[in-house]
Number of protein chains: 2
Amino acid sequence: MTNRNILVSIIEDDDTIRSGYSFLIGNTEGYEVVSSYSSYDAAAHKIASDKPDVILLDIEMPGTNGVDAIPRLKKLLPHAHVLILTVYESEKLIFEALANGASGYLTKNTPSAKIIASIKEVKEGGGPMSINIAKMVIRSFQKNQESPLSKRETQILEEISVGKSRSQIANELFIDLETVRSHIKNIYLKLNVNSRADAIKTARENRLI
Amino acid sequence: MTNRNILVSIIEDDDTIRSGYSFLIGNTEGYEVVSSYSSYDAAAHKIASDKPDVILLDIEMPGTNGVDAIPRLKKLLPHAHVLILTVYESEKLIFEALANGASGYLTKNTPSAKIIASIKEVKEGGGPMSINIAKMVIRSFQKNQESPLSKRETQILEEISVGKSRSQIANELFIDLETVRSHIKNIYLKLNVNSRADAIKTARENRLI
DNA sequence: TAAAAATTCACCCTATTGGGGTGATACCAT
DNA sequence: ATGGTATCACCCCAATAGGGTGAATTTTTA
């Protein structure tokens, strides 16, 4: 059997870039551009009937920005995959976009071949990323290797960070309640804080947990 | 000027696979295999003097497993990049490996060209991943779009998940302490839990936060 | 091997918190 | 107009969190 074309919608405010993508994708075997819009607001009422498999989405746009557009698009087209294509590389935007349901994140220096391959990849459930994005995403998982905290303290801070109380921690680690207190006091000293919330904040900022 | 070769060490217990990689990489222009070991334990005392730029590391190994080996390798060779090359695709292993300092994660069905490219990519500070790994990593960022919680409840649960107390939440959201309590009670009802720790656990498992 | 750090436990204190009930008002959106 | 949302109120009380201070033991590191 012959696979049907991958249907693509483009939402991008720059006319030149938009027609560039449109030309690139439309002239590739197996791909079809079903629509292109200059903003989410322009697309909102029509894109559902276009039934794209993949939506190429820009972040910087007039009106509704790309990040906010993602959940709305997912509501209109639950089975479509949103692939972000933007110049922005701020960690905040990337993680917001992914949290909102983006299936991939490419930066605009991405070569044409990679864009084409990525469209197919998201359509098949993959998660394509530009090299620099992958780097940030991976770094977001990595703990600080030079923590001021000891292993035990880190372990207890991790328990605190999931909302456990002192007594719950004591039970799980088979140590006395007073020992847990003692560790927490040392954690507060080292992190220079005096509450659970501040300890978690500082620890997250420094990737101690 | 001519760039010097990328120096690679391989730690992999399967003899056939290890010599396969060794041959592949050693015969590629610009790459050099400086050493290969069948386990971390075998490598521990010698690898520091090999001074590799990139360490290809297997997860399933006799003795010290790959995940535990990562922080030790990073300690011995702080500037080396660890690239995981394994058949395992369990979410737990992947995130543990990344948290422990792995710079990339490839599965063993990865084509040779991608392996070679990925070695260069980690050496240059990138974060290469196999398609299926990238998918899992991206999914780990995505929130559940159909939460049983209202916006306000989600917001309050997020505050709880960073260790805030009722009164802190009340102050930050400019609502009464009793209102916060009320929301928390509703959250507990909907999630069918009766403590902060359980609420956070359930919420994380269902990606509500 | 000696000093430093980590881990463990003990007992002082008190204001705050957390969780369970129950109920009410007002505002929405379907 | 009915169910969900958001807001606030008052009952209860055991448990918790955070602060002080001190000390024994083991492990790690210099």
Side-chain angles (χ1 to χ4, degrees), chain A residues 71-72 75-76 143-203 208-209, chain B residues 44-45 48 64 68 71-72 74-76 78 144-203 208-209:
Chain A
R72 305 188 195 188
K75 198 160 195 176
L76 291 171
K143 291 190 189 176
N144 188 339
Q145 305 286 322
E146 315 168 3
S147 168
L149 302 180
S150 72
K151 268 189 185 171
R152 198 56 149 177
E153 286 161 355
T154 303
Q155 187 180 22
I156 284 174
L157 188 51
E158 253 151 18
E159 298 274 56
I160 285 180
S161 79
V162 296
K164 301 267 175 74
S165 71
R166 294 173 183 173
S167 44
Q168 284 176 306
I169 298 173
N171 284 332
E172 288 182 25
L173 302 186
F174 304 105
I175 54 178
D176 195 275
L177 183 61
E178 281 302 324
T179 307
V180 176
R181 289 203 60 201
S182 179
H183 284 304
I184 294 178
K185 286 173 191 169
N186 286 329
I187 293 169
Y188 286 7
L189 260 179
K190 289 184 178 177
L191 300 188
N192 193 28
V193 298
N194 49 22
S195 74
R196 296 163 95 81
D198 285 345
I200 293 172
K201 185 160 176 280
T202 303
L208 307 182
I209 53 172
Chain B
H45 298 298
T64 310
D68 294 334
R72 306 190 193 184
K74 296 291 282 186
K75 198 157 195 181
L76 291 170
N144 188 340
Q145 306 285 320
E146 314 168 0
S147 169
L149 302 180
S150 73
K151 266 190 185 170
R152 198 55 149 177
E153 286 160 355
T154 303
Q155 188 180 23
I156 284 174
L157 187 50
E158 253 151 16
E159 298 274 56
I160 285 181
S161 79
V162 295
K164 301 269 174 73
S165 70
R166 293 173 183 174
S167 45
Q168 284 177 305
I169 298 172
N171 283 333
E172 288 181 25
L173 302 185
F174 305 105
I175 54 179
D176 195 275
L177 184 61
E178 283 301 322
T179 307
V180 176
R181 288 205 62 200
S182 179
H183 284 304
I184 295 177
K185 286 173 191 169
N186 286 330
I187 292 170
Y188 286 7
L189 260 180
K190 288 184 179 179
L191 301 188
N192 193 30
V193 297
N194 49 22
S195 74
R196 295 163 95 84
D198 284 344
I200 294 173
K201 186 161 176 276
T202 302
L208 306 182
I209 53 172

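Since the model is a prediction, treat every value here as computed from it, not as a measurement. Per chain, numbering begins at 1; letters A, B, ... match sequence-line order.
- The side-chain heavy atoms of B/V162 and A/K201, taken from C-beta on, include no pair separated by under 4.5 Å.
- Where A/Q168 and A/V193 each meet DNA chain D at their nearest nucleotide, the meeting point lying more 5' is that of A/Q168.
- The distance between atom NZ of A/K164 and atom P of D/dA17, rounded to the nearest whole Å, is 13 Å.
- Looking at residues two or more places apart in sequence or on another chain, you find a side-chain contact (heavy atoms from CB on, under 4.5 Å) between A/L189 and A/N186.
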Would you tabulate the pairs of protein nitrogen or oxygen atoms and nucleotide nitrogen or oxygen atoms of nucleotides 3-9 of chain D closer than 3.5 angstrom?
| from | atom 1 | to | atom 2 | distance (Å) |
| --- | --- | --- | --- | --- |
| D/dT5 | OP2 | B/K190 | NZ | 3.0 |
| D/dA6 | OP1 | B/R152 | N | 3.3 |
| D/dA6 | OP2 | B/S150 | OG | 2.2 |
| D/dT7 | OP1 | B/R152 | NE | 3.4 |
| D/dT7 | OP1 | B/R152 | NH2 | 2.9 |
| D/dT7 | OP2 | B/R152 | NE | 2.9 |
| D/dT7 | OP2 | B/H183 | NE2 | 2.9 |
| D/dT7 | O4 | B/S182 | OG | 3.1 |
| D/dC8 | OP2 | B/D176 | N | 2.6 |
| D/dC8 | OP2 | B/T179 | OG1 | 2.6 |
| D/dC8 | O5' | B/T179 | OG1 | 3.3 |
| D/dC8 | N4 | B/S182 | OG | 3.0 |
| D/dA9 | OP2 | B/D176 | OD2 | 3.0 |
| D/dA9 | N7 | B/E178 | OE1 | 3.4 |

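- Heavy atoms only, all atoms of each residue included: B/A197 and A/G163 are closest at CB-O, 3.6 Å.
- Partners of B/N194 under the side-chain contact (heavy atoms from CB on, under 4.5 Å) rule, at least two apart in sequence or in another chain, are B/D198.
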Given B/Y188 and B/R196, is the side-chain contact (heavy atoms from CB on, under 4.5 Å) satisfied, shown in steps?
CA-CA 9 Å; B/Y188 286 7; B/R196 295 163 95 84; 3.3 Å; yes

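- When rounded to the nearest whole Å, the span between CG of A/D198 and C1' of D/dA17 equals 14 Å.
- A/R196 comes within 4.0 angstrom of sugar-phosphate atoms only, judged by non-hydrogen atoms across all strands, and of no base.
- Here the shortest heavy-atom pairing between A/L157 and A/A199 reads CD1-CB, 4.1 Å.
- Each side-chain hydrogen bond (donor to acceptor under 3.5 Å, both in side chains) pair with one or both residues in residues 148-161 of chain B, not counting sequence neighbours, appears once here: B/K143-B/E158, B/S150-B/E153, B/R152-B/Q155, B/E153-B/K190, B/E159-B/K164.
- Distance alone, capped at 3.5 Å, is enough to place a donor-acceptor pair between the A/Q168 side chain and the A/S165 backbone.
- Between the CZ atom of B/R166 and the C1' atom of D/dT16 there is a distance of 11 Å, given to the nearest Å.
- Between its two ends, the helix from C/dT1-D/dA30 to C/dT30-D/dA1 turns its axis by 80°, counting five pairs per end and rounding to 10 degrees.
- In summary, contact between chain B and DNA chain C, defined as any nucleotide atom under 4.0 Å from a heavy atom of the protein, begins and ends at C/dT17 to C/dT22 in the 5' to 3' direction.
- No side-chain heavy atom of A/I169 sits under 4.5 Å from any side-chain heavy atom of A/L177.
- Side-chain contact check for B/V180 versus B/L173: every heavy-atom pair is 4.5 Å or farther apart.
- Residue B/L191 comes nearest to B/P148 through the heavy atom pair CD2-CG, 4.5 Å, listed as atom of the first residue, atom of the second, then distance.
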